[in-house]
Amino acid sequence: KAGVTQTPRYLIKTRGQQVTLSCSPISGHRSVSWYQQTPGQGLQFLFEYFSETQRNKGNFPGRFSGRQFSNSRSEMNVSTLELGDSALYLCASSSGLAGGLGTDTQYFGPGTRLTVL
Amino acid sequence: DQQVKQNSPSLSVQEGRISILNCDYTNSMFDYFLWYKKYPAEGPTFLISISSIKDKNEDGRFTVFLNKSAKHLSLHIVPSQPGDSAVYFCAATGYSTLTFGKGTMLLVSP
């Protein structure tokens, strides 16, 4: 089975711009979760999508949004970029059938490294 | 407010010895706990998990212990191998939240 893929792997943007990141889950998985990893805050949960609906949401401002398509691929969008948005953005896929976040085994992609200048 | 804490940023052990990684949590609503391993330039990889109804779960060389009264969990790796060198994250979930610790870097030397 192919793993979770994320594109692009690296991205450089300037403050005020917006960015869209893409995640393709493992075939058959219906849940995609997004995480932000920074040296200061560690790994933080952004949101989870299951069957095209946002099922769970972390504590991030509305500038961070996402969506999921019928083929389970997901995109994450960050608008009005700030310097503090520089981070590694990880997505993870799972079957999502257990319902509770994290109780299904999550498989992570390699991440997208976003740098905001 | 850090709800999941890994107080040791790093740990060094010799090959063949036991590695013990610790994690503390504050939220009593957490009922499922996980450990992930992360190599540089890769995403985290699930290692082992434990439900709050258990106090121990084993999978090969990896054992996770949960002490609910102390709100503490630990990951034991026996015997440690150089390939275990990585950053280890503990995580806790309360159904709709998933919170990670900041990680402990484990270095296993030959």
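- You'll find the side chain of Leu98(B) reaches within 4.5 Å of the side chain of Gln106(A), heavy atoms only.
- Scanning both residues, Leu90(A) and Gly43(B), for their nearest heavy atoms gives CD2-CA, 4.0 Å.
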Discussion item. Using side-chain contact (heavy atoms from CB on, under 4.5 Å), reason through Leu43(A) and Lys38(B) one step at a time and then give a plain yes or no.
Written reply: CA-CA 12 Å; Leu43(A) 201 60; Lys38(B) 186 179 185 301; over 6 Å; no
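- Contacts between Leu34(B) and chain A at a heavy-atom distance below 4.5 Å involve the side chain alone, from C-beta outward.
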Item to complete: Start with the C-alpha gap between Phe100(B) and Tyr35(A), add the side-chain angles, then the distance that decides, and say whether side-chain contact (heavy atoms from CB on, under 4.5 Å) holds.
Response: CA-CA 10 Å; Phe100(B) 284 82; Tyr35(A) 300 86; 3.4 Å; yes
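- Ala41(B) approaches Pro110(A) most closely through the heavy-atom pair O-CB, 4.4 Å.
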Fill in: Worked check of ring pair (Phe, Tyr, Trp, His ring centres under 6.0 Å) between Phe108(A) and Tyr36(B)
CA-CA 10 Å; Phe108(A) 281 81; Tyr36(B) 286 86; 5.4 Å; yes
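- Under a cut-off of 6.0 angstrom, the local environment of CZ in Arg9(A) is crowded, with over 12 non-hydrogen atoms contributed by other residues, nucleotides or ligands.
- Residue Gln37(A) touches chain B through its side chain alone, counting heavy-atom pairs closer than 4.5 Å.
- Thr38(A) OG1 to Lys102(B) NZ: the interatomic distance, rounded to the nearest 0.5 Å, is 7.5 Å.
- Residues Leu21(A) and Phe60(A) are members of one and the same hydrophobic cluster, defined by side-chain heavy-atom contacts under 4.5 angstrom among Ile, Leu, Val, Met, Phe, Trp and Tyr.
- Within a 6.0 Å radius of CZ in Phe47(A), more than 12 heavy atoms belonging to other residues, nucleotides or ligands are found.
- Atom CZ of Arg61(B) has more than 12 neighbouring heavy atoms from other residues, nucleotides or ligands inside a 6.0 Å radius.
- The number of heavy atoms from other shown groups lying within 6.0 Å of CG (Asn59(A)) does not exceed 12.
- Counting non-hydrogen atoms of neighbouring residues, nucleotides and ligands closer than 6.0 angstrom, the NZ atom of Lys54(B) reaches no more than 12 such neighbours.
- No chain of hydrophobic side-chain contacts below 4.5 Å, direct or via other Ile, Leu, Val, Met, Phe, Trp or Tyr residues, connects Phe45(A) to Val32(A).
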